[in-house]
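To start, the structure under review is shown below, and the notes come after it.
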Amino acid sequence: MNNMEQQFLEAGTLMITGMVVVFAFLSLLILFITTVLAKLADKYPDPVAPTINRSNKKKNKVASGEVSPAIVAAISGAVKRYREQHSQPNSKL
Amino acid sequence: MNNMEQQFLEAGTLMITGMVVVFAFLSLLILFITTVLAKLADKYPDPVAPTINRSNKKKNKVASGEVSPAIVAAISGAVKRYREQHSQPNSKL
Amino acid sequence: MNNMEQQFLEAGTLMITGMVVVFAFLSLLILFITTVLAKLADKYPDPVAPTINRSNKKKNKVASGEVSPAIVAAISGAVKRYREQHSQPNSKL
Amino acid sequence: MESLTKLWLSTGLANFELGQVIMMLVGCGLLYLAIARNFEPLLLLPMGFGAVLTNIPVAGFSEVGGLLHYIYYAGIDTGIFPLLIFMGVGAMTDFGALIANPKMLLLGAAAQFGIFATLFGAIALNSVPGIEFTLKDASAIAIIGGADGPTAIFLASKLAPELLGAIAVAAYSYMALVPIIQPPIMKALTSEDERKIEMAQLRHVTKIEKVIFPLGVLLMTIFFLPSATPLVGMFCLGNLMKECGVVDRLSYTAQNELINITTIFLGLGVGSKLSAHAFLNVETLGILGLGAIAFSIGTASGVLMAKAMNKFSKVPINPLIGAAGVSAVPMAARVANKVGLEANPHNFLLMHAMGPNVAGVLGSAVAAGILLALV
Amino acid sequence: MESLTKLWLSTGLANFELGQVIMMLVGCGLLYLAIARNFEPLLLLPMGFGAVLTNIPVAGFSEVGGLLHYIYYAGIDTGIFPLLIFMGVGAMTDFGALIANPKMLLLGAAAQFGIFATLFGAIALNSVPGIEFTLKDASAIAIIGGADGPTAIFLASKLAPELLGAIAVAAYSYMALVPIIQPPIMKALTSEDERKIEMAQLRHVTKIEKVIFPLGVLLMTIFFLPSATPLVGMFCLGNLMKECGVVDRLSYTAQNELINITTIFLGLGVGSKLSAHAFLNVETLGILGLGAIAFSIGTASGVLMAKAMNKFSKVPINPLIGAAGVSAVPMAARVANKVGLEANPHNFLLMHAMGPNVAGVLGSAVAAGILLALV
Amino acid sequence: MESLTKLWLSTGLANFELGQVIMMLVGCGLLYLAIARNFEPLLLLPMGFGAVLTNIPVAGFSEVGGLLHYIYYAGIDTGIFPLLIFMGVGAMTDFGALIANPKMLLLGAAAQFGIFATLFGAIALNSVPGIEFTLKDASAIAIIGGADGPTAIFLASKLAPELLGAIAVAAYSYMALVPIIQPPIMKALTSEDERKIEMAQLRHVTKIEKVIFPLGVLLMTIFFLPSATPLVGMFCLGNLMKECGVVDRLSYTAQNELINITTIFLGLGVGSKLSAHAFLNVETLGILGLGAIAFSIGTASGVLMAKAMNKFSKVPINPLIGAAGVSAVPMAARVANKVGLEANPHNFLLMHAMGPNVAGVLGSAVAAGILLALV
Ligand code: NA
Ligand code: NA
Ligand code: NA
């Protein structure tokens, strides 16, 4: 058996082993998600957001996660400006 | 004198020396604060803030340190969003 | 020729060589700017900003680069506050 | 006069070797791709710049005492930089789409076929005169098919450091070319009807699932493939910091300052391996060719696996999302979305494609671990 | 087949030693405390993760060439990481409350009795078979009573590096337990009336005082205790950067990016010392026990000193704030405030407790310097 | 008793040497200049603090195992810190004003005469007993005239590391003194009429020019002066990151966190070279004197060159902007603006002075390259 044949054999073994292990590993991960994680999700559900409160709030004031796009644009500009003010050219550093 | 007795003796000496030095050191620091710093505070008082100006300002516009909580909430959200926009998932880094 | 004379000679040579090279180098850079860069600037002008659109926009909403100074002040304060909230004293780190 | 001669002898013009000139042009080419074509600029820009610097005659950037020498040996030879990048990427990654639809992991597994098939190709290339790839070389090259930059750099630094430059260039180039390479393959392997398939909305994923997931992944890697734990471990650390919600300041730093600083240095350090000696040979052509093959086979395997799964699945699966299994986050997912929209304007696949997309990151880290363990 | 055998022999399952499994569980325990119980998560999360990583068989995280090996030797063995953390903490600390009421320094001094008394306990424990603490070991353990993480890590890395893992775990655990450990001691040693004492409002502190204070502290440390200058010096540098007002960008970086990056690495590096060999022995139990003693004695000493001072002081002093003298900034001050509010709903002690609290940081740095100089 | 003796023998008081005391006072002087006088505080504050720390007896900050020892050898001896600073400065620099008016480069060239003329002065000083400057020493001193901190530190670390402390102190002190040193020279060399000259508005500079400019500068440096490529290369990398617009997150990090972290360490490391042995000798006086000469000659050369150019130029050139050619960005440009406004309240020279100002940065990096190549 010459060298190249041997290398092909090695590569072939590696390919088969590799794909088997990759599939086995990620399949186990599926199992982990569908069993362990699913059970945990049942047992520890996310706390329900106080929806009634929220919709009331929304009418009165802007909730922190729901800023209007115009304000976001204005603020993004301001933040950028703020940052630029704090990184003035200062070659003598 | 066996080994353990000697160690106790060392530990005891260390305890006494240690507490004496800690108290001495921090007492000197008290002295430093009540003499040197106090004198410096007298000699170089903080510049008085122009209070009249300020209260006028306050009526007309929001001073930078006194943003209303609602705006702070809105901005905090916006800043967070801004930051998130600048740290998008990019696995190919 | 004693040592110091020799050193003066070296320093003099260095001075002349140095100034010649500095001038030559930066003059070449002038050439580079006036030829290569100028040509590039002609060939690839900056895309013209859609000015008509912009002035319309401006009337309706605050563009991101043109936030009013009052808002910038408010936001700068808020950003500062936000940052401070996120860097609370925590000596136990 | 003597002084001017000395100065002339110290100029680049008097010392250039042809190889250095060519490699500088390669560096400039990378800068062009980064800046003008927006090809993975975060890494190709510092990498191209590093390639220019390392080939400057006389300056000695990559010799003992030179800046790039320090950067390479401190951060890349040790594997530290790619691992820090991986931590930051972990802190940017949302596994929600994958947890909601775990079968997508099979697509991330299938796409790794590109890696292992390429091993064959690399050995076959040894029949070309001037090319002599060991199995280690072949493995380092094949990982390009994983479409994951830090994984490729980490593996290459361990298995074939002398090929690192060419491998990194190929890896990032093909990742940038995802929108060009993948669509024809995706369209060739799917019917119009398949591309039109709409998928069911994903369920809500709870916080506890997201927190435990990285720990579970790490645990399984520890059990079955410890050689992959440097990569998977740092990735899971970053993801845990993001999801746990109690160390936001660390998570924020890992996703921003730390990854930015590391990216600059990683790029420069990888660029420093782009010397004429290491790059200008027929092996580099082989690497570029094999990389393209790995990438294409990976894409095809993902699509074919998704087609097969669609056959046997109760809920419909659009085969296009299989292509996202190569990783190249988030570009491959966006490509799947785009091709899907072309067939059906109401078909938004982006979130569905994020599942196989992040599965592909895990898949290629697992593949890298297998290669490290066996080669 | 041969390949599968090789792969199996490279798995964690085939190579686990019992000690490694147990230490991984310890690491998971730290992660649980950090995430689910919010116990000092900024350090316990990376520390727990480091403990898991370092105990992975085959992977070699803490062997030459491994990531944690580099982190430990570059940053902890050299003392650099704790000193950078101390600089950042200095840049976060406001000495205003202490300057306004300097007598509080005596409380910060008294609370260090916990440290020195523990030296005795450690020597006494030597009579237990299997425990053999040298005076250096005892000193490194006793510093847990200082309730200051970086100080404990710095001292342990100099005096007893092989105990570093256990000492760090104990130090951060007890600091997280401040709200549970301290209140019973505080209540046992004070009467209801004492807990109700309201304190006079603090005077305004000028800028010049705040700027000169860190310089004065450094100067005195130089004169009397140079061995404490690494800790005190970096702390004062951070504080000076904060207060001087002319290097805000440096101060901001020291308090944020730099301390965050260092915290991640410090946690991982400390975690890497949590190997079975170094942790799973009776000495660790001794360390946990002695740490609890040191902490409790420190709390008690602070309260008793405050009671004594209240007797002789013209202005009333609430003895509860003495407990804040152990440091554990700002948690101990908050605990004093909370216990005070329970006795008297109008009694806000938080600002008053910040004085002894930051005094405790200086006190334990001084104590560390004494131990470094004499042991 | 024995213990107290041991403690006393470990105090600073028992171990002080006179030189250490004096050097600490020098360090405090730097802190004073930084904080109270706002003299280049970003660097003088950590530098002054480092000077205090390194002279503490017993503590061993700059001995093997000490913090400053690690900082110095990792970052300054290798040249890494000044190069990172230069990258950050490049990312902060806008070459627009220079590209719009490229003749300004001649002013940046002329101002370097201060550097080369000082070489003469340094040799002449060798006739003073106790001073013995080699040509390397003289070159490292002369670069102070370049008014560029990182360049001075980089060159000194290569040519005369034992003079590094004094050179850095002198360089930053004179840069801070720009508003005091320059105006008299500028007024002495110009007439009232010349100072009143208003300059034409600058043309718009396109994006492509700004992107290609740093690459052109680097290319020319590679061709003609490879020894300057470490400085020029990192500067151009920073500038390219800023201008190209595709790696904003890297550019932002280079200008902020990375440069801030490096600045803290650079200052401490430079300060660690301020030992009595290296600083308290007549050579330091020589360095301070020569630095002042270099600075003044540089300013004068710039102004005279601008006068000459004004004679031959079609568009008017205000000679004041020549003084900005020494660099000291942006202070020198502001000084030119201020002196111009004094003569003519409608004369805004700031943007015009930015051209020679940034040209001066390139000029002194070129001068440093020449000195590295020839000395
Ligand atoms: Na992949
Ligand atoms: Na303490
Ligand atoms: Na200059």
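A, B, ... follow the sequence lines: proteins, then strands. Residue 1 opens every chain. All values below come from the heavy atoms of this structure, side chains included, with hydrogens, waters and symmetry mates left out.
- By the 6.0 Å contact criterion, CD on E162(F) is enclosed, its count of non-hydrogen atoms from other residues, nucleotides or ligands being greater than 12.
- I222(F) touches chain D through backbone and side chain together, each having a heavy atom under 4.5 Å away.
- Minimum heavy-atom separation, P82(D) to G75(D): CD-O, 3.9 Å.
- Contacts of F39(D) with chain F are absent, with no heavy-atom separation under 4.5 Å from either backbone or side chain.
- In this model, a donor atom of one side chain and an acceptor atom of the other lie less than 3.5 Å apart for S62(D) and T54(D).
- When the candidates L219(F), L237(F), V247(F), V211(F) are compared by the number of heavy-atom contacts under 4.5 Å with chain D, L237(F) comes out ahead.
- Ranked by heavy-atom pairs shorter than 4.5 Å toward chain D, the options L225(F), L218(F), I370(F) are led by L218(F).
- With a threshold of 4.5 angstrom between heavy atoms, L372(F) does not approach chain D through any atom at all.
- A34(D) touches chain F through its backbone: at least one of N, CA, C or O sits under 4.5 Å from a heavy atom, while the side chain does not.
- Heavy-atom distances place the side chain of L45(D), and not its backbone, under 4.5 Å from chain F.
- In this structure, chain D has a heavy atom under 4.5 Å from the side chain of L215(F), while its backbone stays farther away.
- A cation-pi arrangement, defined by a distance under 6.0 Å to the six-membered ring centre and an angle within 45 degrees of its axis, is absent between K210(F) and F95(F).
- For the side chain to side chain contact (heavy atoms under 4.5 Å, CB included) with I259(F), the qualifying choice from I264(F), V89(F), T253(F), L266(F) is V89(F), the only one to do so.
- If you measure heavy-atom distances from L67(D) to chain F, the contacts under 4.5 Å come from the side chain alone.
- Taking I261(D), I71(D), V58(D) one by one and counting their heavy-atom pairs under 4.5 Å with chain F, the maximum is reached by I261(D).
- With contacts defined as side-chain heavy-atom distances shorter than 4.5 Å, the pair Y172(D)/L33(D) does not qualify.
- No part of L68(D) comes within reach of chain F, as not one of its non-hydrogen atoms sits under 4.5 angstrom from that chain.
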Exercise for the section: Evaluate the criterion side-chain contact (heavy atoms from CB on, under 4.5 Å) for residue pair I76(D) and V270(D); output intermediate values, then yes/no. Expected result: CA-CA 8 Å; I76(D) 299 183; V270(D) 169; 3.8 Å; yes
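- For the residue pair A368(F) and L155(F), the shortest heavy atom distance occurs at O-CD1, 3.6 Å.
- Of the two parts of T78(F), the backbone and the side chain both hold a non-hydrogen atom closer than 4.5 Å to a non-hydrogen atom of chain D.
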